[in-house]
Amino acid sequence: MEMTGTTEAGLIARILAGEKELFHELIRPYERMVYVTLFSIVRNETEAEDGAQEAIISAYRHLASFRGDAKFSTWLTTIAINEGRKRLRRTKGAVEDSIEEKEESHEGDYTPAPLTDWREIPLEALERKELREALRVAVTELPGIYRQVFTLRDLEELNIDETAQALGITTGAVKVRLHRARIMLQKRLVPYLKTTAPARRRFFGRAL
DNA sequence: AAGAGAACGGGCACGAGTGC
DNA sequence: GCACTCGTGCCCGTTCTCTT
């Protein structure tokens, strides 16, 4: 997922200079990240796929406005988050940030077909299929503010600062939300983790 | 290779805000 | 007034980087 700054900056410059076909090369390493970010907000696969497409198109259209102050991935994540919030407002007809609320409508819509991305979580230690499924469900059921931080930080592996920038919150808030998200997940997954202590330690650290 | 300092991340205590 | 949620500030441990 990492690209060197020079290569990335060079690609962007060439795209802006007219080599539009290079945009695919620029965006490819981040496609999965955009989708997972969208999914963490809308919690609906179809909406996440559509939103990811829209976010990528939006990134292309607004590429000239990328100043390079932050990493491209952070900028792209912000676009994905905004797209997700827009879709959430549209589908719910509710106020912004209603993602914190219990989302009855989406819970009804949600189909639990496995996300490919979940197999790539640092869960090689979590051998049991049922545990992986339980974790996926547990994360899906986290309150929105915690789910977003957990997704960006622990699944997308953004650092604290990038996560804070993407969500428009302080680094302190990121740390606390992440800590609390892990504790919530821990409580939900205790029955599944009893026999996988090493995995528990690796994934949840001292929270367990 | 070893030590020093910086950077980063985790976690706790505390206070503010909110709903009952 | 109390319980609960949330964010801020601070401290501590770990990892990384630089210097000798």
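Sequence lines set the chain letters: A, B, ... in the order given, protein chains first and strands last, and positions in each chain run from 1. Side-chain atoms are counted along with the backbone in the values below, which use heavy atoms only and exclude waters and symmetry mates.
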Sugar-phosphate, base or nothing in reach of A:L178, heavy atoms under 4.0 Å: sugar-phosphate
Whole angstrom value for the distance that separates P of B:dG11 from CZ of A:R177: 17 Å
Distance, rounded to the nearest Å, where A:K175 contributes NZ and C:dG9 contributes C1': 10 Å
Among C:dG7, C:dC6, B:dG10, the one nearest A:V176 by side-chain distance: C:dG7
side-chain N/O A:R180 vs C:dT5 OP1/OP2, d < 4.0 Å: no
Short side-chain N/O contact from A:H179 to OP1 or OP2 of B:dG10, under 4.0 Å: no
Quiz item: A:R153 side-chain donor-acceptor pair to B:dG9 base, under 3.5 Å: no
Pair listing, salt bridge (charged side-chain N to carboxylate O under 4.0 Å, His left out) test, anchored in residues 9-18 of chain A, at least two apart: A:R14-A:E19
Atom pair distance, as rounded to whole Å: CD1 in A:I145 and P in C:dT8: 11 Å
A:I12 with A:W75, same ILVMFWY side-chain cluster at under 4.5 Å: yes
Short side-chain N/O contact from A:T170 to OP1 or OP2 of C:dG7, under 4.0 Å: no
Pairing residues for A:S58 by the side chain to side chain contact (heavy atoms under 4.5 Å, CB included) criterion, not counting sequence neighbours: A:H62, A:I79
Spacing between A:I160 atom CD1 and C:dG13 atom P, to the nearest angstrom: 19 Å
Nucleotide nearest A:A173 (side chain, heavy atoms from C-beta), chosen from C:dT8, B:dG11, C:dC6: C:dT8
Under-4.0 Å side-chain N/O to phosphate OP1/OP2 contact, A:R182 with B:dG10: yes
Closest nucleotide among B:dC12, B:dG9, C:dC6 to the A:Y146 side chain: C:dC6
Passing option when A:T77 is tested against A:V34, A:L152, A:N82, A:L167 for side chain to side chain contact (heavy atoms under 4.5 Å, CB included): A:L152
